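Below: one structure, written as structure tokens.
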Amino acid sequence: MKNDIQSVLFSEEELEAIVSRLGAQITEDYRGKNLLLVSILKGSVAIMADLMRRIDLPCRIDFMAVSSYGSGINSSGNVKIIKDLDISLEGYDLLIVEDILDSGRTLSSLMEILSTRKPKSIEICALFDKPERREADVYAKYIGAKVPDAFIVGYGLDYDEKYRNLPYVGVLKPEVYEK
Ligand code: IMP
Ligand code: MG
């Protein structure tokens with residue numbers, strides 16, 4: 001697995017610092033609100049698990065799975081709900097937790113779908129942002145870190161469903177996906 005990584009972009013310690021900062025910011029902003037964290041599976045599994053423990057407020061969590069990437073490295077643009085939420089969004093201050101904002105297509109479709117369900121408010125927390133690749137207009141209030149236009153894996157992020165369990169985030173060697 002390690003042999004497929006070109007360089008480490010964020011170490012475990014750096015990820016911990018990023019997530020702590022996000023958690024503190026969210027704690028500050030959502031005091032007195034009715035926070036519901038929605039993790040978009042599977043990429044946000046690591047950040048969700050760490051972030052929720054850095055939020056010092058009562059909150060609920062739920063999960064949703066959508067399809068955007070297949071085994072390639074580009075978003076399809078069609079967001080299909082594979083697993084929907086268990087609870088109704090009405091009255092909740094919804095915070096979507098996503099691994100990475102790339103073209104923005106996934107999150108912009110998701111925002112459209114979820115805002116019709118009448119949450120009290122809706123914001124996005126994306127661990128990473130790849131602004132150079134943006135095609136759809138999406139605003140994420142909480143961003144962990146900006147990343148260059150390279151394909152990254154680890155800490156939840158995959159290539160072809162692999163590398164999610166790397167404890168750090170690294171740039172995947174292009175020869176892995178150009179094969
Ligand atoms: P978007 O619709 O192009 O913004 O794609 C968002 C989704 O693509 C993310 O939730 C990730 O699952 C995936 N993705 C985008 N860039 C990367 C990357 O560099 N590594 C791993 N997955 C990525
Ligand atoms: Mg993915």
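Predicted, not measured: the structure shown is a model, and the values here were computed from it. Any value given below was found using the heavy atoms of this structure, including those in side chains, with hydrogens, waters and symmetry copies removed. Order of appearance sets the numbers: ligands from 1, and atoms from 1 within every ligand.
When the options L51, I61, I124 are evaluated for a side chain to side chain contact (heavy atoms under 4.5 Å, CB included) with V97, the one that passes is L51.
Within the structure, ligand 1 lacks G43 among the residues with a heavy atom less than 4.0 angstrom away. The closest approach between a heavy atom of D158 and any atom of ligand 1 is below 4.0 Å. In this structure, A136 does not count as a contact residue of ligand 1, since none of its heavy atoms falls inside 4.0 Å of the ligand. Ligand 1 lies less than 4.0 angstrom from a heavy atom belonging to K130.
Atoms of ligand 1 found under 4.0 Å from any heavy atom of T106 (numbered from 1 in listed order, with element): 1 (P), 2 (O), 5 (O), 6 (C). Near S103, with a cut-off below 4.0 Å to any heavy atom, the atoms of ligand 1 are 1 (P), 2 (O), 3 (O), 4 (O). Counting the atoms of ligand 1 from 1 in the order shown, those under 4.0 Å from a heavy atom of R105 are 2 (O), 4 (O). Atoms of ligand 1 found under 4.0 Å from any heavy atom of D102 (numbered from 1 in listed order, with element): 1 (P), 3 (O), 4 (O), 5 (O), 15 (C), 16 (N). Of all the atoms in ligand 1, the ones that sit under 4.0 Å from a non-hydrogen atom of A150 are 19 (O).
Taking only nitrogen or oxygen atoms, main chain and side chain alike, I152 reaches within less than 3.5 Å of ligand 1. On a distance-only criterion, F151 and ligand 1 share no N/O pair closer than 3.5 Å.
Residue L157 touches ligand 1 through its side chain alone, judged by heavy-atom distances below 4.0 Å. Only side-chain heavy atoms of E98 come within less than 4.0 Å of ligand 1; its backbone N, CA, C and O stay farther off. Counting heavy atoms under 4.0 Å from ligand 1, residue I100 touches it through both backbone and side chain.
Distances from atom 10 (O) of ligand 1 to the heavy atoms of V153, D99, V147, D149 show the closest one on D99.
With hydrogens and angles left out, the side-chain atoms of Y142 and D29 include a donor and acceptor closer than 3.5 Å. Y155 and D50 form a side-chain donor-acceptor contact under 3.5 Å, judged by distance and modelled atom types alone.
Around the CG atom of D137, the shell of radius 6.0 Å holds no more than 12 heavy atoms that belong to other residues, nucleotides or ligands. Few gaps surround NZ on K120; more than 12 heavy atoms of other groups in view lie less than 6.0 Å from it.
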(request) Any chance you could lay out the side chain to side chain donor-acceptor pair (under 3.5 Å) test for S121 and D93, step after step, and finish with the verdict? (result) CA-CA 5 Å; S121 67; D93 291 296; 2.6 Å; yes
(message) For L110 and I40: C-alpha separation, side-chain torsions, deciding distance, then whether side-chain contact (heavy atoms from CB on, under 4.5 Å) applies.
(response) CA-CA 10 Å; L110 209 54; I40 309 304; 3.5 Å; yes
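For T27, the side chain to side chain donor-acceptor pair (under 3.5 Å) criterion is met by no residue, not counting sequence neighbours.
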Which side-chain N or O atoms in residues 83-90 pair as donor and acceptor under 3.5 Å with protein atoms at least two apart or in another chain?
residue: K83; atom: NZ; partner: F63; partner atom: O; Å: 3.1
residue: D84; atom: OD1; partner: R117; partner atom: NH1; Å: 3.0
residue: D84; atom: OD1; partner: R117; partner atom: NH2; Å: 3.2
residue: D84; atom: OD2; partner: R117; partner atom: NH2; Å: 2.9
residue: S88; atom: OG; partner: E90; partner atom: N; Å: 3.4

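Both the sub-6.0 Å distance and the 45° axial angle are satisfied by K33 relative to the ring of Y30.
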